[in-house]
Visitor: 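My structure is below; once you've seen it, I'll send some questions.
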Amino acid sequence: MVKILKIGGSVLTDKSRPSYARIDEIKRISSEISSVSSDLILVHGAGSFGHVQAKEYGLPQKFNPKGLWKTHESVVKLNNMIVEALSIAGANPMPVHPFSCITLKDGRIDDFCCSSISEMVKRNLLPVLHGDVAMDITRGSGIVSGDQLVSYLSRALKADLVAIGTDVDGVLFNRKVLPTITRDEISRIEVSLSGSSHADVTGGMKGKLLELIELAEGGIDSIIFNALIDGQTQKALKGYSIGTKVRRSN
Ligand code: IP8
């Protein structure tokens, strides 16, 4: 059994303020996770850590060594806070920094040594990954989003449960939450799929959905739920159907 949970940067940070962590949310979600943390891999977004620096230094379009370091340094700071909160809450978290173990090709993961992650899960450690900068064999460098990490890991490790916690109740259309979504439905609702209103170099809700639709077409469904609501993260990890289910077209 492998469960993959992503918590978005908009939940863990205040995207309107550079490098501003929502410590109370981090603590609350950590305690929800700690009671159901076996067989789990956690991926978190960067939020106001990382996206601001990436934009400032022109990433991912430019290769900029200082920008790479500043962006990586920033997301690692957020990762440290989350790992610490999880440890205090009673889980056994271990940080995994994608910059050190992933190579991209044209912006997509080309090489990712996942065996240490599976070993951690087997031994009841909780790997905690994050959106990051990465070396790219065609472009020099790039950015790997938490959503891309989720879809790659879910496929590579044949995840049984994939849940994406965001700051909205699911995929919204005409202000209502869609219980399910497939590729066929995306074009119909495209206009209402916002990018982010804040600095976001990886595509907001639309980027997320495209990753998850591809995953569903490979046979792995996922849910998008609101992690700002108390108890929802725990429910998601217990397999409740909340939010929007991303599934394969019939
Ligand atoms: O917040 C972006 O990850 P995301 C990572 O999961 C960086 O899209 C470095 C901006």
Side-chain angles (χ1 to χ4, degrees), residues 1-9 30 33-46 50 60 68-69 71-73 75-87 89-165 202 208 211-212 214-223 233 236-237 239 246:
M1 171 89 179
V2 176
K3 299 177 282 185
I4 300 188
L5 170 69
K6 184 196 168 203
I7 301 289
S30 294
I33 291 174
S34 67
S35 57
V36 274
S37 65
S38 54
D39 306 314
L40 180 64
I41 297 168
L42 175 65
V43 178
H44 65 81
L68 281 176
W69 168 58
T71 307
H72 178 69
E73 184 202 31
V75 287
V76 168
K77 266 188 202 148
L78 178 63
N79 182 260
N80 286 340
M81 290 181 212
I82 294 167
V83 167
E84 187 180 346
L86 283 162
S87 172
N92 299 316
M94 284 303 290
V96 179
H97 304 307
F99 182 73
S100 316
C101 53
I102 281 178
T103 314
L104 304 175
K105 187 178 183 183
D106 286 328
R108 304 297 299 171
I109 297 172
D110 185 52
D111 186 46
F112 184 177
C113 169
C114 307
S115 58
S116 65
I117 294 178
S118 323
E119 285 308 307
M120 288 182 217
V121 173
K122 273 189 210 155
R123 304 235 171 219
N124 202 29
L125 296 178
L126 168 58
V128 186
L129 294 86
H130 51 86
D132 202 353
V133 286
M135 297 309 290
D136 188 310
I137 57 176
T138 45
R139 301 177 182 172
S141 65
I143 289 183
V144 58
S145 69
D147 296 317
Q148 191 184 159
L149 291 170
V150 167
S151 83
Y152 187 96
L153 282 172
S154 303
R155 250 185 297 251
L157 306 179
K158 300 188 175 33
D160 304 281
L161 184 153
V162 180
I164 311 290
T202 50
K208 183 184 309 307
E211 292 288 352
L212 297 176
E214 229 176 282
L215 185 61
E217 286 176 351
I220 301 178
D221 293 347
S222 57
I223 58 163
T233 298
L237 289 175
V246 185

Visitor: Does any non-hydrogen side-chain atom of V246 lie less than 4.5 Å from one of L215?
Guide: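 Heavy-atom side-chain distance check fails, nothing below 4.5 Å.
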Visitor: Is there a side chain to side chain contact (heavy atoms under 4.5 Å, CB included) between L42 and I82? Walk through the geometry before answering.
Guide: CA-CA 10 Å; L42 175 65; I82 294 167; 4.2 Å; yes
Visitor: So, taking the atom named CG in N92 and the one named CE in M120, what distance separates them when rounded to the nearest 0.5 Å?
Guide: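 Going from the CG atom of N92 to the CE atom of M120 covers 12.0 Å.
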Visitor: Give the minimum heavy-atom separation between V75 and A46, together with the two atoms involved.
Guide: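 Result for this residue pair: CG1-CB, 3.5 Å.
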Visitor: Please find the pair of heavy atoms, one from S154 and one from V162, that lie closest to each other, and give the distance.
Guide: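 Reported closest heavy-atom pair: OG-CG2, 3.5 Å.
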Visitor: Is there a side-chain contact between V2 and K158 (heavy atoms, below 4.5 Å)?
Guide: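 No, every pair of side-chain atoms sits at 4.5 Å or beyond.
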Visitor: Do the non-hydrogen side-chain atoms of L212 and D147 ever get within less than 4.5 Å of each other?
Guide: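 L212 does not reach D147 side chain to side chain.
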Visitor: Per the side chain to side chain donor-acceptor pair (under 3.5 Å) rule, what does the pair list look like for residues 105-114, sequence neighbours excluded?
Guide: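 Pairs touching residues 105-114 that pass the test: D106-T138, R108-E211.
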Visitor: Rounded to the nearest 0.5 Å, how far apart are OG of S151 and CD1 of I109?
Guide: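 Between S151 OG and I109 CD1, I get 7.0 Å after rounding to 0.5 Å.
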Visitor: Could you go through the side chain to side chain contact (heavy atoms under 4.5 Å, CB included) check for V96 and I41 one step at a time?
Guide: CA-CA 10 Å; V96 179; I41 297 168; over 6 Å; no
Visitor: Taking the side chain as every heavy atom from C-beta outward, state whether L153 and C114 have any atom pair closer than 4.5 Å.
Guide: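 Of all side-chain heavy-atom pairs linking C114 with L153, at least one is under 4.5 Å.
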Visitor: Side-chain contact test, heavy atoms from C-beta onward, threshold under 4.5 Å: evaluate it for I223 versus I164 and give yes or no.
Guide: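 Side chain of I223 against side chain of I164, heavy atoms only: no contact under 4.5 Å found.
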Visitor: Give me the ring orientation class for H72 and H97: parallel if the planes are under 30° apart, tilted from 30 to 60°, perpendicular past 60°.
Guide: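 Perpendicular.
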Visitor: Taking the side chain as C-beta and beyond, is there a heavy-atom pair between P95 and V128 under 4.5 Å?
Guide: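 They are not in side-chain contact.
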Visitor: What distance separates L149 CG from H44 NE2, expressed to the nearest 0.5 Å?
Guide: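 Answer for the CG-NE2 pair, L149 versus H44, is 10.5 Å.
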Visitor: Could you go through S38 and N124, starting from their C-alpha distance and side-chain angles, then the distance that decides it, and tell me whether this counts as side chain to side chain contact (heavy atoms under 4.5 Å, CB included)?
Guide: CA-CA 6 Å; S38 54; N124 202 29; 3.8 Å; yes
Visitor: Among V144, L104, T103, I117, find the one that has a side-chain contact (heavy atoms from CB on, under 4.5 Å) with F112.
Guide: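 Only match with F112 under side-chain contact (heavy atoms from CB on, under 4.5 Å): I117.
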Visitor: Which atom pair, heavy atoms only, marks the closest approach of A91 to S37?
Guide: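 In terms of heavy atoms, the two residues are closest at CB-OG, 4.1 Å.
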Visitor: Are any non-hydrogen side-chain atoms of D160 and D39 less than 4.5 angstrom apart?
Guide: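 Not in contact.
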Visitor: Does the side chain of S115 come within less than 4.5 Å of E119's, by heavy atoms?
Guide: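 They are not in contact (no side-chain heavy atoms under 4.5 Å apart), so the answer is no.
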Visitor: Check step by step if side chain to side chain contact (heavy atoms under 4.5 Å, CB included) holds for V83 and L126.
Guide: CA-CA 9 Å; V83 167; L126 168 58; over 6 Å; no
